[in-house]
Amino acid sequence: MNTPEIRRTGEDSCRAQSMLFRSKGRAGLQYGDWQELFPEIIGRSPTMLKALETVAKISHSESAVLISGESGTGKELIASAIHRLSSRSARPFVAINCSAIPENLLESELFGHEKGAFTGADRRRMGRFDAASGGTLFLDEIGDMPLALQAKLLRVLQERKFTPLGGNEIREADVRIVAATNLDLEKAVKAGTFRLDLFYRLNVLPVALPALRERAEDIAELLEHFLDLAVRMHGYDASTTLGPDAMQTLCTFAWPGNVRQLQNMIERLVVLKGGGEITLEDLPPELTHAAPACVIPSAIPTVVANATIPLAVRPVETPAAIIPGSFGELPKDGIDLIQFIEDLENSMIMQALDRTSHNKNQAAKLLGLNRTTLVERIKKRGLAPLNAPAQEL
Ligand SMILES: Nc1ncnc2c1ncn2[C@@H]1O[C@H](COP(=O)(O)OP(=O)(O)OP(=O)(O)O)[C@@H](O)[C@H]1O
Ligand SMILES: [Mg+2]
């Protein structure tokens with residue numbers, strides 16, 4: 001992707017963006033200005049622009065940021081944009097996923113450890129606070145951090161100092177903290193699973209990312225972007241298109257897995273189609289049988305890889321989830337019910353895997369299956385998605 005700002009030094013980038021922001025003022029930023037500030041982020045709907053405006057304002061600050069939003073809404077993308085636009089951008093951006101690392105290892109991952117600090121610590125190891133020194137530390141899925149570690153993290157953030165496990169040396173925590181969550185942390189505080197004081201410490205600068213169904217105007221542009229990307233990545237003919245019916249269905253789908261789900265779906269469609277026009281028949285049943293969640297105008301553009309298309313999609317207030325019973329009518333000529341159910345099941349499994357970054361425990365939870373059943377089904381049906389082999393199988 002063409003992102004010239006990334007190559008600027010931190011100071012240049014910070015100065016450029018704050019000059020741009022100040023010279024234009026709050027109301028004066030135009031489409032091109034957003035393009036310059038956020039070339040990697042697709043979507044200029046009012047709700048997205050509101051979020052980007054917040055991001056532009058807070059990037060240069062040293063205060064902690066808490067990004068909230070459903071899975072796949074672009075929290076990590078925004079976190080790295082905040083870093084890129086900050087005065088720390090010449091230094092590292094280091095991410096740690098608090099839900100992906102076992103509880104007993106998370107502390108040493110964050111703060112590092114000395115040789116012999118615990119069984120198996122056969123050598124000294126640097127933690128993420130050290131790795132991110134001078135830059136930004138991105139604490140992803142912060143809502144899943146164990147309570148005991150929350151207390152330690154709070155102390156480190158307040159004192160800006162930490163000690164690696166098993167060591168005595170006090171080290172400076174020179175990081176800007178950006179945290180992200182897809183949980184409602186205020187609810188987690190009420191439920192007693194998240195510390196109120198840490199919530200306040202992290203939530204100095206909140207950024208709320210809208211779900212895709214709340215910014216359906218952006219869907220067409222995202223489809224175009226990811227179609228183009230998939231076509232280039234897999235070396236297909238650049239005339240690969242999304243036909244009008246397929247386009248209409250994709251634009252009105254609720255996308256519960258947000259941009260990540262859309263991106264993976266387009267990649268799947270491009271690869272399975274292998275070139276030419278993608279039509280309604282190429283879409284999986286959970287797309288064609290779901291109740292539309294968005295209204296789009298009657299003239300639906302055909303999306304051609306690399307083309308520019310008009311953006312005009314309006315959401316209506318319907319629930320985003322696929323509702324059993326709203327799968328549509330039995331087709332006139334009947335249906336292969338067993339195949340239909342298998343396709344539907346496969347698609348739900350793929351979405352759960354996409355949404356959980358292939359974490360089988362979490363995916364099984366989302367599907368109400370036990371892990372063994374899920375793993376068996378993935379194996380039997382060869383469902384490990386194209387771009388992310390299931391590592392635990
Ligand atoms: N506005 C956007 N423009 C372009 N790509 C996007 C946008 N939002 C998300 N993406 C892409 O969608 C994918 C998911 O985004 P990201 O990982 O940032 O989401 P997330 O909110 O962190 O998800 P999760 O909560 O599941 O970790 C990434 O490939 C990202 O590049
Ligand atoms: Mg993420």
Side-chain angles (χ1 to χ4, degrees), residues 1-3 6 31 34-35 37-56 65-85 93-101 136-145 178-185 188 206-230 232-233 255-268 270 311 313 350-363 365-366 385-388:
M1 200 170 291
N2 185 19
T3 52
I6 288 168
Y31 185 88
W34 293 115
Q35 219 32 48
L37 285 179
F38 301 106
E40 75 280 45
I41 296 170
I42 309 293
R44 300 293 182 255
S45 56
T47 42
M48 196 62 192
L49 285 184
K50 198 157 165 259
L52 293 182
E53 184 180 300
T54 307
V55 172
V65 178
L66 181 61
I67 307 172
S68 58
E70 290 180 11
S71 182
T73 45
K75 295 185 293 298
E76 184 149 3
L77 196 65
I78 290 290
S80 72
I82 290 172
H83 174 70
R84 174 173 58 75
L85 293 172
F93 172 81
V94 174
I96 180 164
N97 185 327
C98 302
S99 77
I101 298 175
T136 302
L137 181 60
F138 176 47
L139 301 172
D140 202 2
E141 314 235 16
I142 187 77
D144 290 332
M145 181 174 275
V178 177
T181 181
N182 53 24
L183 302 176
D184 181 338
L185 280 193
V207 176
L209 291 185
L212 194 47
R213 66 184 170 279
E214 291 160 354
R215 54 185 188 100
E217 305 96 307
D218 293 338
I219 295 178
E221 192 182 357
L222 284 161
L223 290 170
E224 178 198 358
H225 171 74
F226 289 119
L227 180 74
D228 190 36
L229 205 68
R232 279 190 282 122
M233 189 163 83
W255 298 109
N258 296 294
V259 182
R260 178 181 293 110
Q261 185 190 8
L262 182 149
Q263 176 177 8
N264 290 333
M265 180 57 69
I266 287 292
E267 182 178 350
R268 191 196 310 177
V270 166
L311 310 172
V313 187
M350 301 277 280
Q351 286 183 57
L353 289 171
D354 286 346
R355 221 191 282 177
T356 58
S357 302
H358 286 241
N359 181 316
K360 309 290 179 313
N361 286 326
Q362 288 178 13
K365 230 188 255 172
L366 275 181
L386 303 158
N387 58 351

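Numbering of ligands and ligand atoms starts at 1, following listing order.
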> Are H225 and ligand 1 in contact, using a heavy-atom cut-off of under 4.0 Å?
Replying inline: no
> Nearest protein heavy atom to atom 27 (O) of ligand 1, by residue and atom, and its distance?
Replying inline: R260 NH2, 3.7 Å
>> Return the closest protein heavy atom for atom 10 (N) of ligand 1 as residue, atom name and distance.
In response: V259 CG1, 3.4 Å
> Is the closest side-chain heavy-atom distance between M265 and W255 below 4.5 Å?
Replying inline: yes
> Under a 4.5 Å cut-off applied to non-hydrogen side-chain atoms, are L139 and I96 in contact?
Replying inline: yes
> When you measure from atom 3 (N) of ligand 1 to every protein heavy atom, which one gives the shortest distance, and what is it?
Replying inline: I42 N, 2.9 Å
> Among Q261, E70, R213, whose side-chain contact (heavy atoms from CB on, under 4.5 Å) with P256 holds?
Replying inline: Q261
>> Looking only at protein heavy atoms, which one is nearest to atom 15 (O) of ligand 1, and what is the separation?
In response: G74 CA, 3.7 Å
> Quick one: does N258's side chain have a donor or acceptor within less than 3.5 Å of a partner on R260's backbone?
Replying inline: no
> Parallel, tilted or perpendicular: which describes the rings of H83 and F93, with under 30° parallel and over 60° perpendicular?
Replying inline: tilted
>> For atom 7 (C) of ligand 1, what's the nearest protein heavy-atom neighbour? Residue, atom name and distance, please.
In response: L77 CD2, 3.4 Å
> Numbering the atoms of ligand 1 from 1, which are under 4.0 Å from a heavy atom of F226?
Replying inline: 5 (N)
> Taking C-beta and beyond as the side chain, do V55 and I78 meet within less than 4.5 Å on heavy atoms?
Replying inline: yes
> Quick one: which ligand 1 atoms are inside 4.0 Å of a heavy atom on N182?
Replying inline: 25 (O)
>> How far is atom 20 (P) of ligand 1 from the closest protein heavy atom, and which atom is that?
In response: K75 N, 3.5 Å
> Do D218 and S45 have side-chain atoms, one donor and one acceptor, less than 3.5 Å apart?
Replying inline: yes
>> Is the shortest side-chain heavy-atom distance between V259 and F226 below 4.5 Å?
In response: yes
>> Quick check: do M350 and N264 have side-chain heavy atoms less than 4.5 Å from each other?
In response: no
> Under 4.0 Å from any heavy atom of Q263, which atoms of ligand 1 are there?
Replying inline: 11 (C), 12 (O), 13 (C), 28 (C), 29 (O)
> For ligand 1, which atoms sit closer than 4.0 Å to a heavy atom of I41?
Replying inline: 1 (N), 3 (N)
> Of the protein's non-hydrogen atoms, which lies at the shortest distance from atom 22 (O) of ligand 1, and what is that distance?
Replying inline: E76 N, 3.2 Å
> Which residue holds the protein heavy atom closest to atom 23 (O) of ligand 1, what is that atom called, and what is the gap in Å?
Replying inline: G72 N, 2.8 Å
